[in-house]
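The structure appears right after this line, and notes come after that.
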Amino acid sequence: MTLDQLQTELLALSPQEKAQVIQLLVSSLSGTWVGIEKTPGVMGGDACIRQTRIPVWLLVSLRQQGATEAFLLEDYPDLTAADLTNAWLYASTHQSEIEVALQRQAAA
């Protein structure tokens, strides 16, 4: 996609979608992700949902196994819908990191 094509696509977005794009770009540039924390010594330093020990790779794994968002929210009462949105966004922008973590867990 060229920059001109991207510009056309961006201008066609709703205001809410544009805000999401801005949030994604700021997170990408700063290396900080809303609702996602990496803490040395906690879950091996893997990306986790804010103030929990729930790693993003675990949620991705459960989703790959067919878990619905409703199931995840019921099974993990500390999670919110926003947490899942943040997890999916983080996972989509850090695919290789998540794949490595999933492989590491499969081998364990």
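Throughout, numbering of the chain's residues begins at 1 and tracks the sequence.
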Q: Answer yes if the side chains of Q103 and W57 hold a donor-acceptor pair under 3.5 Å, and no otherwise.
A: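 No donor-acceptor contact under 3.5 Å links the two side chains.
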Q.
Hydrogens and angles aside, do S14 and E17 bring a side-chain donor and acceptor to less than 3.5 Å of each other?
A.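 Side-chain D/A pair, S14 to E17: present.
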Q) So does Q105 have more than 12 non-hydrogen atoms from other groups sitting under 6.0 Å from CD? A)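 Yes, the 6.0 Å shell around CD holds more than 12 heavy atoms from other groups.
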Q.
Would you say CD of Q5 has more than 12 non-hydrogen atoms from neighbouring residues, nucleotides or ligands within 6.0 angstrom?
A.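 Yes, because the 6.0 Å sphere around CD of Q5 holds more than 12 heavy atoms from other groups.
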Closest heavy-atom pair and its distance - [X], [Y]:
X: A87; Y: V56; result: O-CG1, 3.7 Å
X: K18; Y: L11; result: NZ-O, 3.5 Å
X: L72; Y: A67; result: CD2-CB, 4.1 Å

Q: Walk me through it: do L89 and T85 pass the test side chain to side chain contact (heavy atoms under 4.5 Å, CB included)?
A: CA-CA 6 Å; L89 178 59; T85 298; 5.6 Å; no
Could you measure the distance from the [atom1] atom of [X] to the [atom2] atom of [Y]? Nearest 0.5 Å is fine.
X: E69; Y: L79; atom1: CD; atom2: CG; answer: 10.5 Å
X: L13; Y: I22; atom1: CG; atom2: CD1; answer: 10.0 Å
X: T93; Y: W88; atom1: OG1; atom2: CH2; answer: 13.5 Å
X: L58; Y: R63; atom1: CG; atom2: CZ; answer: 13.5 Å

Any donor and acceptor pair, going by atom type alone, linking the side chain of [X] with main-chain N or O of [Y] inside 3.5 Å?
X: E37; Y: A47; value: no
X: Q65; Y: S61; value: yes
X: T52; Y: C48; value: no
X: E97; Y: H94; value: no
X: D75; Y: F71; value: no

Q: Using the rule that two of Ile, Leu, Val, Met, Phe, Trp, Tyr join whenever any of their side-chain heavy atoms come within less than 4.5 Å, decide whether I36 and Y76 are in one cluster.
A: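 Yes, I36 connects to Y76 through the hydrophobic network.
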Q) Under a 4.5 Å side-chain heavy-atom rule over Ile, Leu, Val, Met, Phe, Trp and Tyr, are L102 and I54 clustered together? A)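 The answer is yes; both residues are in one hydrophobic cluster.
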Q. Does D46 pair with R53 as a salt bridge, N-O distance under 4.0 Å?
A.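 Salt bridge between D46 and R53, a charged N being under 4.0 Å from a carboxylate O: no.
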Q. Should the pair R50-D83 be classified as a salt bridge under the 4.0 Å nitrogen-to-oxygen rule?
A.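 D83 and R50: salt-bridged.
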(Q) What I'd like to find out is whether the side chain of Q7 reaches to under 4.5 Å of the side chain of L3, using heavy atoms alone. (A)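 A side-chain contact under 4.5 Å is absent here.
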Q.
Counting C-beta onward and ignoring hydrogens, is there a side-chain heavy-atom pair between I49 and L59 closer than 4.5 Å?
A.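 A side-chain contact exists here, since the closest heavy-atom pair is under 4.5 Å.
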